[in-house]
Amino acid sequence: MSNISLIIEERAANIGNFMVGRLLPFREKRAVGPFVFIDHMGPAHLSDHENMDVPPHPHIGLSTLTFLFEGSIMHRDSLGTELEIKPGAVNWMTAGKGIVHSERTPEYLRHLDKMLHGLQIWVALPKELEQMEPNFTHVEADDIPAWEEDGVSYKLIAGEAFGKKSPVPVYSPLYFLEIKSKEAKKINIGQHLFGESGLYILEGSIKNGGHTYDPRQILITTESSLCEFEIAANSTVYIFGGEPFPEEHFIFWNFVSSDKNLIEKAKQDWTAQTFPRVPGETEFVPLPEPRIK
């Protein structure tokens, strides 16, 4: 019996010089555990005159996780952080009551041809922590737990699973796993998971319940404890999920909260430009018009 309850196709969105594939939220599934937003960036070939330049913009009520496969991004935020993220490392920025950051191509790459490819993820904070003080953590690639079983490579990017714990400081029970295999293998990991689970196919394919699923699809399991599939040779998939929150979380633009009043206040504060500023940055992304979803 198939354990797939929902298949979400990646939807393209233009954010400037390249396209991103929007994976969450989706009309039929607003969140998977505490995960409320996933973008697949690229792969984008940027020429010597094309660069990533996302000016300062605000967040509340969430943690962002940036994980690159190729390329480099310079992160600057209102805490004074200025740090380059490279492939395999994790940038984990917790907005709490409010943070502002920019994302740009590093200066030394701005006049070169380059690639950019990765995932950007939002994890909602529990209701009691939505107004916590903002903070930032960078975890190097070598510090991410990685192991191999039966010829399959695993990496625990965030959270807890398989009796292991990532150094990324998460605020609710969750997991974000990378699984790579050079050969076709049967994967049965449900006993290591909990809550809600999603599976994103980056490359290759998987088989489940007599069906084959290809790249740029997210599969939502009916029960995380039944997470079993056959991974094709030369495939990479990501498993994400965890315990869902008891209350609904709302999203407007970059603001996430269980309280719509906090989102309205954030909108007013950003319009009035009373959020903290990113040192050395004068640009900002204006507030868009759409309503709370």
Side-chain angles (χ1 to χ4, degrees), residues 3-4 8 10 23-24 29 31-40 63-69 87-92 117-124 137 139-208 213 215-244:
N3 182 37
I4 306 301
I8 300 174
E10 187 172 304
L23 297 164
L24 278 180
K29 189 65 177 173
V32 177
F35 290 79
V36 294
F37 178 96
I38 301 177
D39 262 354
H40 175 201
S63 296
T64 64
L65 189 159
T66 304
F67 187 75
L68 296 181
F69 312 130
V90 173
N91 265 19
W92 177 261
H117 190 199
L119 295 173
Q120 289 197 315
I121 295 168
W122 295 358
V123 179
T137 300
V139 179
E140 296 290 355
D142 290 344
D143 295 325
I144 300 296
W147 67 100
E148 188 170 303
E149 291 182 14
D150 189 28
V152 179
S153 297
Y154 295 84
K155 188 176 291 184
L156 181 59
I157 299 168
E160 296 187 50
F162 292 85
K164 304 178 188 297
K165 184 176 181 179
S166 166
V168 174
V170 302
Y171 295 98
S172 66
L174 62 86
Y175 43 86
F176 180 45
L177 287 156
E178 177 187 85
I179 302 177
K180 286 177 173 280
S181 184
K182 294 181 180 179
E183 301 177 359
K185 294 282 185 178
K186 289 186 177 180
I187 307 290
N188 185 354
I189 59 172
Q191 70 271 27
H192 300 291
L193 307 180
F194 53 88
E196 297 180 327
S197 284
L199 183 153
Y200 176 60
I201 305 165
L202 178 69
E203 56 187 356
S205 64
I206 70 163
K207 292 182 180 179
N208 178 273
Y213 302 97
R216 297 178 180 265
Q217 289 183 318
I218 275 186
L219 311 178
I220 310 300
T221 63
T222 53
E223 293 182 51
S224 62
S225 61
L226 301 176
C227 189
E228 183 176 352
F229 56 92
E230 182 177 333
I231 188 169
N234 301 311
S235 294
T236 302
V237 302
Y238 291 88
I239 308 286
F240 62 95
E243 297 294 347

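Numbers here simply count residues along the sequence, with the first being 1.
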Within the structure provided, determine whether [X] and [Y] are in side-chain contact (heavy-atom separation under 4.5 Å).
| X | Y | result |
| --- | --- | --- |
| I239 | Y154 | no |
| V237 | F229 | yes |
| V139 | I144 | yes |
| H40 | L119 | yes |

Side-chain donor-acceptor contact under 3.5 Å, S197 with Y175
yes
Where the side chain of S235 meets the backbone of S205, is there a donor-acceptor pair that is under 3.5 Å apart?
yes
Does the ring centre of Y238 sit less than 6.0 Å away from the ring centre of F35?
no
Test V123 against every option in F240, W92, F176 by the side chain to side chain contact (heavy atoms under 4.5 Å, CB included) rule and name the one that passes.
W92
How are the rings of F37 and W122 set relative to one another: parallel (under 30°), tilted (30 to 60°) or perpendicular (over 60°)?
parallel
Nearest 0.5 Å please: distance from the CD1 atom of I179 over to the NZ atom of K155.
12.5 Å
Does H192 have any side chain to side chain donor-acceptor pair (under 3.5 Å) partners at least two apart in sequence or in another chain, and if so, which?
none
Heavy-atom pair of closest approach, residues P34 and E243:
CD-O, 3.7 Å
